[in-house]
2 protein chains.
Amino acid sequence: MESTATRCQKWVLAKKMTGTATLSHFGLEEEDVATDLQDGEVLCEALYISVDPYMRPYAERSLSEGSMMMAEQIARVLHSKNPQFPEKSLVLANVGWRTLSRVSDMTSLRQLPVMGDLPVSHALGMLGLTGLTAYYGMTEVCKPKTGDVVVVTSAGGAVGSVAAQIAKAAGCKVIGICGSDDKCRWITEELGMDVAINYKTDNVSAKLQEEAPTGVNCLFDNVGGDLASAVICHMSLGGRAALCGSISLYSDDIHHPSQGLSIYRAIVAKQLTVQGFNVIHWFSSWDVAYRALYNLVQEGKLRSKELIYDGFDKLPEAFLKLFKGGNLGKIVVKIQD
Amino acid sequence: MESTATRCQKWVLAKKMTGTATLSHFGLEEEDVATDLQDGEVLCEALYISVDPYMRPYAERSLSEGSMMMAEQIARVLHSKNPQFPEKSLVLANVGWRTLSRVSDMTSLRQLPVMGDLPVSHALGMLGLTGLTAYYGMTEVCKPKTGDVVVVTSAGGAVGSVAAQIAKAAGCKVIGICGSDDKCRWITEELGMDVAINYKTDNVSAKLQEEAPTGVNCLFDNVGGDLASAVICHMSLGGRAALCGSISLYSDDIHHPSQGLSIYRAIVAKQLTVQGFNVIHWFSSWDVAYRALYNLVQEGKLRSKELIYDGFDKLPEAFLKLFKGGNLGKIVVKIQD
């Protein structure tokens with residue numbers, strides 16, 4: 001039987017991911033995708049691909065040279081032998097940095113949720129894994145109560161900006177920490193955070209002492225290292241820290257951790273709970289979180305910005321931008337409309 | 001009205017507690033204790049006084065120069081105007097380093113629990129706050145399941161040795177870390193731990209790799225610093241670390257934490273929960289824990305050693321011994337029988 005095929009592009013690791021991520025870590029390849037679908041299978045084309053900081057440590061831990069980079073994408077179904085995912089419908093596909101995918105494992109596909117008037121790309125951002133990560137870290141790990149003081153690091157970033165707005169909607173005093181005056185302005189003037197700290201120019205400990213004289217109740221952290229340690233050392237009795245990422249440490253050799261401020265005395269003395277988490281843990285209740293986020297958007301309590309890179313060839317550049325800072329909100333790469 | 005009084009000795013801070021604790025931090029004083037009791041009051045004399053590592057950071061945080069050192073003691077009621085605590089009965093009194101106490105606040109007194117054939121002094125050790133601390137840290141924070149690999153630091157110490165035996169009784173593989181071959185022998189040959197690591201002579205990471213190739217599920221830690229960090233970096237997905245103390249860091253300036261290995265990447269990558277705790281948190285259910293510990297003793301699954309210093313004048317010396325290492329199990333000071 002003759003098999004039909006179509007050409008696809010994908011980004012692979014040109015060399016094992018260690019140290020600081022650079023363009024030289026990535027290689028563009030082509031391959032044929034067989035289009036003679038079996039029952040249950042779907043062929044889909046990428047519209048938007050997400051880039052996220054977690055990909056850096058994931059690539060180091062789990063991908064060998066020549067492996068394709070992982071990512072979730074918004075895709076359009078081109079051909080379908082699966083009635084759950086009809087032709088022309090939009091899906092969320094966990095298929096990596098590739099233009100075209102033949103999907104057999106349906107656990108990689110989700111229906112695109114209702115997006116209202118929002119650009120569909122937000123299904124990768126505040127209404128996608130980014131938003132869900134912020135939601136579960138904040139509500140299930142930080143567990144803020146009305147009146148609590150909540151600190152969010154990378155508060156101008158994709159996940160941090162959503163986490164902070166969730167805490168704000170819960171009636172907390174929210175202090176955002178970020179690395180530029182532009183971000184500080186955005187998170188206070190546009191997103192409604194109470195206080196912004198620019199960790200590059202402010203004395204973080206002194207500002208925390210001033211703004212949270214009785215201590216910080218909750219920390220949602222994306223950076224790790226001495227910045228997170230400074231906040232942890234300023235937490236109050238019984239405080240909860242949700243560690244979502246540790247972007248300041250991703251270039252380290254994982255077997256030889258960095259040196260940094262010790263947080264042990266603070267954790268013991270203040271009976272803190274410091275917890276790393278992954279949104280996958282709550283997979284079975286994603287719908288609940290999605291609806292909560294969607295409602296916040298409708299009520300005007302949750303908003304985000306997107307930086308959109310145009311073209312499949314821009315994926316590595318967009319990814320590296322995550323570690324350079326400077327952007328507000330979420331970064332996505334548009335492949336086609 | 002003429003008031004009667006009797007002379008009492010007490011140990012106070014001769015100077016604010018900072019840096020390494022030394023004999024020069026302590027001063028012996030005398031004072032009169034009025035013996036004309038009001039209704040509800042009790043006068044009691046110390047029999048045994050507990051010394052514990054927590055007293056070091058507590059003294060730094062909470063006691064000014066001239067303040068009496070805190071401690072729980074086993075005491076005998078000399079006079080009583082409180083029917084709950086009759087004359088000649090034994091009590092646990094949270095009254096500090098003093099020979100004689102007039103107690104008005106009954107939250108400082110507890111009945112001595114049933115001790116069976118055990119020396120009464122164990123009510124300060126494995127059947128007292130020491131044991132309860134081990135119990136709650138292990139069962140409520142570490143939450144070990146049968147077959148889990150559990151690491152305990154200071155495994156030859158008062159709290160660690162009890163925590164390790166609780167994990168052993170729960171069907172875990174228990175790895176104890178301590179600082180001498182004597183302790184290593186004691187915890188394996190007498191207390192039944194599966195593996196002992198001497199952190200002064202063994203390569204801790206290599207030993208953990210060998211004995212826990214799929215990772216450590218639970219850590220009960222008393223030391224903090226790089227030893228605890230090495231274990232945390234070797235934990236498995238979803239692992240729980242109960243931080244009971246951080247004895248390696250107590251001499252630090254609390255406002256300028258030590259440098260040490262960063263644990264952020266491990267916490268995030270492995271979704272660990274690292275929690276500081278204090279037994280006070282479970283105050284209302286101490287009876288439950290006491291009965292569980294008492295039953296373990298009766299079943300031969302829980303034992304301890306005591307190092308007993310003789311005489312009230314030995315309190316500072318006994319306390320400093322906690323930080324020098326070398327002893328097995330619990331240290332108490334006997335004031336009188």
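Source: prediction; values computed, not measured. Below, chain A is the first sequence line, B the second, and so on; all start at residue 1. All values below were derived from every heavy atom in this structure, side-chain atoms included, with hydrogens, water molecules and symmetry-related copies excluded.
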query = Who passes side-chain hydrogen bond (donor to acceptor under 3.5 Å, both in side chains) against A:Tyr135, sequence neighbours left out?
reply = none
ask   = Side chain, backbone, both or neither: which part of B:Tyr58 has an atom under 4.5 Å from a heavy atom of chain A?
value = neither
request  = Below 4.5 Å from any heavy atom of chain A, which atoms of B:Ser229 appear? Answer side chain, backbone, both or neither.
outcome  = both
query = Is there any residue in residues 258-268 of chain B with a non-hydrogen atom under 4.5 Å from a non-hydrogen atom of chain A, and which ones are they?
reply = B:Ser258, B:Gln259, B:Gly260, B:Leu261, B:Ser262, B:Ile263, B:Tyr264, B:Arg265, B:Ile267, B:Val268
Contact class of A:Ile232 relative to chain B, heavy atoms under 4.5 angstrom = side chain
inquiry  = Strictly less than 4.5 Å between heavy atoms, which residues of residues 234-245 of chain A line up against chain B? Please order them by number.
reply    = A:Leu243, A:Cys244, A:Gly245
task = Mind checking side-chain hydrogen bond (donor to acceptor under 3.5 Å, both in side chains) for B:Gln271 and listing every partner two or more places apart, or none if nothing turns up?
result = none
task = Find the one option among B:Asp221, B:Val223, B:Thr273 whose heavy-atom pairs under 4.5 Å with chain A are most numerous.
result = B:Thr273
remark   = Assert top hit (heavy-atom pairs under 4.5 Å, partner chain B, pool A:Ala269, A:Ser246, A:Pro57) equals A:Ser246
ask   = Side chain, backbone, both or neither: which part of A:Tyr250 has a heavy atom under 4.5 Å from chain B?
value = both
